[in-house]
Chemist: 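First the structure, then my questions, so here it is.
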Amino acid sequence: GDATAMLIKSYACQRRTPLKHHNSFLTEALEILAQNAEYNDNEGRSVAFRRAASVLKALPRRVRSMEDLRCLPCLGDHSQRVIKEILEDGSSREVESTRQSEQYQAMKALTGIFGVGVRTADRWFREGLRSPDDLIRTGQQLNREQQAGVQYYDDLQKPVTKAEADVISDVVEKAVHAVLPGAEIQLMGGFRRGKEVGHDVDFLITHPEEGKEERLMPKITNWLEEQGLLLYQKTTRNSYLEKMDGPARASSNMDRFERCFSIFKLQESAASCKSNCSASAEDVSAAHEHHSEASGWRAVRVDLVVSPYSQFAFATLGWTGSKLFERELRRWAGQEKHMSLSSHALYDNKQNLYLRAKTEEEIFAYLGLEYIPPSERNA
Ligand code: CTP
Ligand code: MN
Ligand code: MN
Ligand code: MN
């Protein structure tokens with residue numbers, strides 16, 4: 001074992017995890033097993049594989065032998081077996097057979113539909129359905145969200161680029177400022193962590209004058225709809241009440257902000273079209289013919305969340321991710337600090353009080369953690 005390996009802390013929120021690391025050949029394999037465990041409704045097993053993968057992402061160099069893993073936390077027997085096989089044979093039989101399995105591939109295709117979770121996908125899989133096409137062919141009952149998911153499936157499968165996220169940011173900013181001048185908009189999720197592509201674009205919206213943000217979302221979506229920029233939207237009202245939801249429920253995963261899960265109609269500029277098609281500047285119109293639909297626009301998933309100013313720091317921390325980083329923050333708060341952390345608040349269960357914060361830095365400090373910037377929360 002080397003000295004650096006021994007410095008790896010056991011909670012992901014105690015570590016710096018950059019976006020680019022040295023062990024994707026191992027982490028991708030472990031994450032397939034994590035994903036498969038999730039498809040089989042085995043959350044404990046899934047989290048164990050994700051924690052193991054995450055530790056390898058934080059290592060300063062490529063793992064070359066089992067010796068390099070001595071003293072590392074979170075590596076269970078099963079993960080170690082998989083790693084050993086990959087180091088010795090170049091691949092793991094369990095990972096490869098999972099990757100090729102009909103269940104894994106069907107669950108991936110079905111849960112890849114917007115609005116379809118593991119439970120629904122599993123039911124469809126048991127009924128013999130394997131793909132979005134199978135759902136259409138057999139005339140499955142779909143809710144409004146799933147209908148949109150099937151309709152825009154191909155577009156929503158394509159990664160969203162940072163350039164596209166920036167265009168959407170401008171659109172969202174324009175919409176928000178049209179209906180509430182002085183509101184603040186922040187890009188969240190993977191793009192805030194420095195990712196170059198994402199599966200969607202996430203935004204957090206607030207206003208420095210508490211109360212101004214109430215019932216803001218319907219105004220935003222109305223404006224967007226009038227401009228013809230929305231293909232789908234579902235808005236949920238804010239249902240957070242500190243007295244009722246605070247300490248008891250603060251560790252619950254799902255927050256209660258006013259939010260909107262949407263699909264934007266993104267106009268594709270000649271420039272982005274050109275780069276997508278890798279055609280020359282003069283050849284943009286010819287390049288269009290490579291597209292299955294030469295429509296000039298694409299569908300993009302966008303999440304909008306509105307937070308009261310007093311909760312903005314918690315909402316920012318909670319919507320930056322990664323999902324594992326968030327999970328580990330809550331686990332650290334509960335197990336090590338006897339506190340309950342949510343995207344709304346931090347509650348100290350020993351002092352029986354809420355800890356107020358204006359910045360993410362203050363929240364890390366309350367939790368007794370070194371501040372980790374968004375670009376190093378890619379756990
Ligand atoms: N989140 C949440 N509640 C949800 C969905 C998401 O609090 N119902 C949070 C997640 O915990 C995460 C952030 O929102 O911190 C972004 O989630 P998501 O968009 O799913 O993932 P990204 O990290 O942005 O990755 P991707 O690029 O795939 O979008
Ligand atoms: Mn996202
Ligand atoms: Mn999202
Ligand atoms: Mn094109």
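One-based numbering, in listed order, for ligands and for the atoms of each. Keep in mind that the numbers below use all heavy atoms, side chains included, and drop hydrogens, waters and symmetry copies.
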Chemist: Given R193, R192, K195, R259, identify the one with the heavy atom nearest to atom 8 (N) of ligand 1.
Modeler: R259

Chemist: Step by step, work out the salt bridge (charged side-chain N to carboxylate O under 4.0 Å, His left out) result for R119 and D122.
Modeler: CA-CA 5 Å; R119 204 158 292 178; D122 185 61; over 6 Å; no

Chemist: With a heavy-atom distance limit of 4.0 Å, tell me whether E326 approaches ligand 1 through its side chain, its backbone, both, or neither.
Modeler: side chain

Chemist: Quick check on the 6.0 Å ring-centre criterion: do Y232 and Y152 meet it?
Modeler: no

Chemist: For atom 7 (O) of ligand 1, tell me which residue out of F325, F257, W319, F191 has the closest non-hydrogen atom.
Modeler: W319

Chemist: With heavy-atom distances below 4.0 Å as the criterion, list the atoms of ligand 1 near D200.
Modeler: 19 (O), 29 (O)

Chemist: Under a 4.0 Å threshold between the charged nitrogen and the carboxylate oxygen, would E328 count as salt-bridged to R50?
Modeler: no

Chemist: Any donor-acceptor pair under 3.5 Å linking the side-chain atoms of Q311 with those of Y240?
Modeler: no

Chemist: In D303, what N, O or S atom is nearest to the Mn ion (ligand 3), if we give its atom name?
Modeler: OD2

Chemist: With the threshold set at under 4.0 angstrom, would you say S343 reaches ligand 1 through any of its heavy atoms?
Modeler: no

Chemist: Can you find a side-chain donor-acceptor pair between E213 and H207 that sits under 3.5 Å?
Modeler: no

Chemist: Using a 4.0 Å heavy-atom cut-off, say whether M188 meets ligand 1 through its side chain, its backbone, both or neither.
Modeler: neither

Chemist: Could you name the option among L204, L329, V197, D202 that has the heavy atom nearest to atom 19 (O) of ligand 1?
Modeler: D202

Chemist: Go through it in stages, so that I can follow the logic: the residues are K84 and E88, the test is salt bridge (charged side-chain N to carboxylate O under 4.0 Å, His left out), and I'd like the CA-CA distance, side-chain angles, deciding distance and then a yes or no.
Modeler: CA-CA 6 Å; K84 187 162 185 278; E88 287 171 358; 3.3 Å; yes

Chemist: With carbon and hydrogen excluded and only N/O/S kept, which atom of D202 is nearest the Mn ion (ligand 3)?
Modeler: OD1

Chemist: Looking at the Mn ion (ligand 2), which N/O/S atom of D200 is the nearest one?
Modeler: OD1

Chemist: Taking E360 first and then R192, would you say they form a salt bridge - that is, a charged N and a carboxylate O separated by under 4.0 Å?
Modeler: yes

